[in-house]
Amino acid sequence: MQNYTATRDYIEKYSELGWFNGLDKDGLEVVENFKLLAKLNQYELTMFEGNKHIIPEYIRFLGISPEDDWLPAHVSIVEAALQYGWDIDNELAAMSQYSAAFPELEDYGNIFQFIDYSYHLALYHLRKDKFVDALNCLLQALESSIKIENGKYFKRCIALFEAFRGFATPSQLDSYALLFKKILEGELKNEKGISYFDNRIKFNHPHTTH
């Protein structure tokens, strides 16, 4: 969002569509949905213009917004914090009422956005030297990347985790190893004559006659 003036003008065009005549119930509902979307986009635009003070109001507005808008808003808030170097610890705490359900999302689009959110949240925590929190976010992103086979974020998360492995707790290292164990089990499952169990690779040679 570089051309903020043009973007704001565009948002204004669909923020008030009530001047349409003869709208039925469905039409009025569409108009209200556009109003909500416009308001969310106005908050986001104001934030990306460098106005941190708008974030608490933005978060409160999520309370009357559709659940589908929660995750994109979280991504935007964290990205803005990284862009401007803001401390948003208080805002993250306020958003926890919405973000707690994100790991349970199932469809591809939501999982991808959750990966994006977790990865950028990890960067935010790393900037503040909160290594354990950052590594937890990376583990979440890694697990979700494996689920939807997203190679780009998979490689990014591995690189970051390895760079800060020395700060990981034993539990985090166990979770990290378990993810790769599952990957190996899944890959070798399709290999004829090879299996993996109890941290050992077994070769099942065919019987031959002499």
Side-chain angles (χ1 to χ4, degrees), residues 1 44 47-48 55 58-59 62 67-191 194 196-201:
M1 288 189 191
E44 182 174 325
M47 179 181 65
F48 274 108
I55 297 179
Y58 186 9
I59 295 170
L62 292 178
E67 291 185 17
D68 289 347
D69 295 323
W70 294 356
L71 183 49
H74 282 61
V75 173
S76 295
I77 289 170
V78 174
E79 286 182 343
L82 289 170
Q83 180 177 329
Y84 288 103
W86 294 334
D87 184 318
I88 57 166
D89 285 359
N90 291 335
E91 288 80 0
L92 288 172
M95 293 191 297
S96 63
Q97 60 182 309
Y98 307 111
S99 59
F102 292 166
E104 309 303 319
L105 296 171
E106 290 295 332
D107 67 277
Y108 182 95
N110 280 328
I111 293 174
F112 180 83
Q113 285 192 88
F114 177 63
I115 297 168
D116 193 29
Y117 171 64
S118 299
Y119 174 78
H120 285 93
L121 188 57
L123 293 178
Y124 171 78
H125 288 315
L126 288 173
R127 196 191 70 196
K128 301 192 69 182
D129 294 339
K130 297 171 71 173
F131 301 110
V132 172
D133 289 340
L135 292 169
N136 280 334
C137 290
L138 289 174
L139 286 170
Q140 285 186 323
L142 259 176
E143 185 173 7
S144 296
S145 296
I146 294 167
K147 185 184 295 185
I148 64 169
E149 300 181 348
N150 185 281
K152 181 183 78 170
Y153 273 114
F154 179 75
K155 288 185 286 188
R156 287 183 179 182
C157 291
I158 289 176
L160 267 182
F161 194 99
E162 289 297 334
F164 295 93
R165 169 190 277 271
F167 297 98
T169 66
S171 176
Q172 288 175 326
L173 291 173
D174 287 345
S175 296
Y176 186 64
L178 183 59
L179 285 175
F180 285 92
K181 180 181 177 182
K182 288 180 178 178
I183 293 173
L184 184 57
E185 288 174 345
E187 291 298 318
L188 292 183
K189 182 174 63 176
N190 299 318
E191 292 289 337
I194 304 176
Y196 179 76
F197 179 74
D198 198 21
N199 294 325
R200 299 189 67 179
I201 293 179

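All figures in this text were calculated on a predicted structure; none of them were measured in a lab.
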- Query: Atom CG of Asn136 and atom OG of Ser175: how far apart are they, to the nearest 0.5 Å?
  - Reply: 8.0 Å

- Note on the structure: Residue pairs meeting side chain to side chain donor-acceptor pair (under 3.5 Å), one or both in residues 141-154, sequence neighbours left out, come to Asp116-Tyr153

- Task: Would you name the heavy atoms of Gln172 and Phe161 that are closest together and state the gap between them?
- Result: O-CZ, 4.2 Å

- Query: Do the rings of Tyr84 and Trp86 sit parallel, tilted or perpendicular, given the 30° and 60° boundaries?
  - Reply: parallel

- Item | Ile59 to Tyr98 - nearest heavy-atom pair and separation | O-OH, 3.5 Å

- When rounded to the nearest 0.5 angstrom, what is the spacing between CG in Leu138 and CG in Leu123? 7.5 Å

- Atom CG of Leu179 and atom OH of Tyr176: how far apart are they, to the nearest 0.5 Å? 9.0 Å

- Task: Verify side chain to side chain contact (heavy atoms under 4.5 Å, CB included) between Tyr119 and Cys137, making sure each step is shown before the conclusion.
- Result: CA-CA 7 Å; Tyr119 174 78; Cys137 290; over 6 Å; no

- Do Leu126 and Phe164 have side chains that get closer than 4.5 Å, going by heavy atoms? yes

- Message: To the closest 0.5 Å, what do you measure between CG (Leu105) and CZ (Phe102)?
- Response: 7.0 Å

- Exercise: identify the closest heavy-atom pair between Gln140 and Pro103: NE2-CG, 4.0 Å

- Dump the intermediate steps for side chain to side chain contact (heavy atoms under 4.5 Å, CB included) on Tyr124 and Leu92, then the final yes or no. CA-CA 11 Å; Tyr124 171 78; Leu92 288 172; 3.7 Å; yes

- Closest approach of Ile183 and Ile146, non-hydrogen atoms and distance? CD1-CD1, 3.6 Å

- Item | N-O pairing of Asp89 and Lys130 below 4.0 Å | yes

- Report the C-alpha separation of His74 and Val78 in whole Å, then their side-chain angles, then the decisive distance to 0.1 Å, and conclude whether the side chain to side chain contact (heavy atoms under 4.5 Å, CB included) test is met. CA-CA 6 Å; His74 282 61; Val78 174; 5.6 Å; no

- Task: Identify the heavy atoms of Ala73 and Leu62 that sit nearest to each other, and give their distance.
- Result: CB-CD2, 3.7 Å

- Item | Carboxylate-amine/guanidinium contact Asp133 Lys128, below 4.0 Å | no

- Item | From Asp69 atom CG to Glu44 atom CD, the distance as rounded to the nearest 0.5 Å | 10.5 Å

- Task: Would you check, one step at a time, whether the test side chain to side chain contact (heavy atoms under 4.5 Å, CB included) holds for Ile158 with Phe180?
- Result: CA-CA 11 Å; Ile158 289 176; Phe180 285 92; 3.6 Å; yes

- Any donor and acceptor pair, going by atom type alone, linking the side chain of Glu91 with main-chain N or O of Ile55 inside 3.5 Å? no

- Assess whether atom CD of Glu162 is packed by more than 12 heavy atoms of other residues, nucleotides or ligands within 6.0 Å. yes

- Please confirm whether the backbone N or O of Ser99 pairs with a side-chain atom of Trp70, one donor and one acceptor, at under 3.5 Å? no

- Query: Parallel under 30°, tilted from 30 to 60°, perpendicular over 60°: which one fits the rings of Phe114 and Tyr117?
  - Reply: tilted

- Atom NE2 of His125 and atom CG of Leu135: how far apart are they, to the nearest 0.5 Å? 10.5 Å

- Query: Considering all heavy atoms of both residues, which atom of Arg127 and which atom of Ala81 are nearest to each other, and what is their separation?
  - Reply: NH1-O, 3.1 Å

